[in-house]
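Only one structure is covered here, and it is reproduced in the block below.
Each chain gets a letter, A, B and so on, in the order the sequences are listed, and its residues count up from 1.
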Amino acid sequence: MSNKVRVRFAPSPTGGLHLGGVRTVLYNYLFARHNDGDFVLRIEDTDQNRYVAGAEQYIYDCLEWCGLTPDESPLKGGPYGPYRQSERRELYRKYAEQLVGDGYAYYAFDTPEDLEQMRTNLRTDANPNPQYDGKTRMDMRNSLTLPEAEVRELLDKGAPYVIRIKMPAGETISFTDMIRGEISNESDLVDDKVLLKADGMPTYHLAVVVDDYLMKITHAFRGEEWLPSAPVHILLWRYLGWEDNMPQWAHLPLILKPDGHGKLSKRDGQRLGFPVFAMQWKDPASGEVLDGFKEHGFLPEAFVNILAMLGWNNGTEQELFSLAELVEEFSMDRVHKGGAKFDFDKAKWFNQQYILQKSEEELLPLVRPFILQHDVYPDDEYLKKVISLIKERCHLLTDFWAQGHFFFAAPDNIDIESVKGKWNEQKQQFFSSWAQQLGSITQWTAPMLEDNFNQLATDAGLKKGELMLPLRIMLVGGKYGPGVFDIAEMIGKEDVGKRIERALAQL
RNA sequence: GCCGCGUUGGUCAAGGGGUUAAGACGCCUCCCUUUCACGGAGGAAUCACGGGUUCGAUUCCCGUACGUGGUACCA
């Protein structure tokens, strides 16, 4: 029937959702939307040893936060379910058996110990990683080496076995990658990958092919770490007789750590002080909590934009894209081949751009949770005013507290050293008397306050410039923040007085 | 070791036989601002290396180096 574009994101629910994972989701999503196709979420939970409670729900939460919700998923259902591989278990065996029947795969009865034995026996400096392949398979215990009767018997009495693909000899297997062009591998160099494990579950290799076929996936995008096993998948499509339906492949470049080399890992984030996961992840087993972009104060639109630009651009100078614009502009052939180092400074800049774009009204509900964290409960009007005064100095939502805490409470400690140097009795007198006559100021507004302040300074024979920094330190605690009289207006007569008195006591 | 993939400033990157090799982040200087930030104006900084092909290579080809991924009954 139709050749509607269908793509899928197929994570294995084992922990936090990494930057690179979200970017794979994003490129899938953009490609699907751009082509009026379907975006499927499939859960690859075939490794029962790696089951982690809550990890699947966490993936939904992350996708929802990013605004990249799938059209079909275990949660939502769809015409090609089930979407959880553990629930498709029986399907895979049939195809594995079919491959054995057609001579493309075989039963292998070697125990893990046998395999280890083979590897240690064969390991040399020239060949540090011996494989189960065309060179070694005839020395192992499998349906190719054992007499048929014995194989039958082992199977009948329920001996544990796996099914392995029988890689052909002397073939060049090639395919066209949407990003990288022609890619080819020699079949002799690829090992006889396990297709069906002893516990009856498929490995990724079998499952990805069977499910992509059954789910009518037209384009398959995944990380470049899959490139070396692509020939196995190509062969499986061929051996199963589905080659005409094989999706087009695109192997996405890696996201690398900012310093040194290598794939960005969660440890790098901890080490360098930035998140690596989309949302906070609490490991149920270890109790370890890993920070996410959300909790770090990123806006989802910014996060998505950052990821989109990490490996893709539309050839113009534009860097800020809404999701709708990305959908419009996205194409796989403009994705980079090389990996990109993640730059947290640039990420913060993106987020700042989105904060700047938003109105106080829009920012209000986004900022509030980050203020609440500090046990402060301002009313809407007050918070909005604060937001408007400080938003241009905030890169992250968490900065609203860092840049605005003094609007809600007196600073814990003040940078008294910056004032001390040029401090004198005259200034002490000035602030003391200003604090005392605050009560007589009838109109408590920034301009009136400033006038009053200026007047008194002139009367005392002091330059305003010498007094501004001390006043700021007294009210704010440091050398930052919006106009000092705006701050004074906001925090009110009483607090201004108190803060001045308190600072004076320290000088 | 072997195999795959990659390589334009510190980072993200445009470009692709002839260009002053864009732009952004970051950094520095200056302006604005009696703070910080925003904004504005400048600045430093780049085609990994060696061979070809060519009148001419950053661009095409081949090597080398380096990086990275894989080499599991993990995905």
Is the closest basic N to carboxylate O distance between Asp495(A) and Arg499(A) below 4.0 Å?
yes
Has the side chain of Lys193(A) got a donor or acceptor atom sitting under 3.5 Å from an opposite partner on the base of A72(B)?
no
Considering just the side-chain nitrogens and oxygens of Lys197(A), establish if one lies under 4.0 Å of OP1 or OP2 belonging to A75(B).
yes
Arg42(A), Glu56(A), Glu44(A) screened by side chain to side chain contact (heavy atoms under 4.5 Å, CB included) with Arg84(A), the one that passes
Glu56(A)
Heavy-atom nearest nucleotide on RNA chain B for Trp312(A) versus Arg50(A): which residue maps closer to 5'?
Trp312(A)
So, is the end of the Lys346(A) side chain (NZ or CZ) under 6.0 Å from the ring centre of Trp349(A) and within 45° of the ring's axis?
yes
Distance between P atoms of C2(B) and C60(B) (Å, rounded):
28 Å
Using atom names, set out every protein N or O paired with an N or O of nucleotides 1-3 of chain B below 3.5 Å, distance rounded to 0.1 Å.
residue	atom	partner	partner atom	Å
G1(B)	O2'	Ala126(A)	O	2.7

Reading 5' to 3' and counting Watson-Crick or G-U wobble pairs with both distances under 3.5 Å, write the dot-bracket notation for RNA chain B, | for bases paired outside the strand.
(((((((..(((.....[....))).(((((.......)))))....(((((..]....))))))))))))....
For the residue pair Phe453(A) and Phe431(A), does the interplanar ring angle fall in the parallel (under 30°), tilted (30 to 60°) or perpendicular (over 60°) class?
tilted
Contact state string [nucleotides 35-43 of chain B, B base, S sugar-phosphate only, - no protein heavy atom under 4.0 Å]:
BBBS-----
Whole-Å C1' distance, A21(B) and A14(B)
9 Å
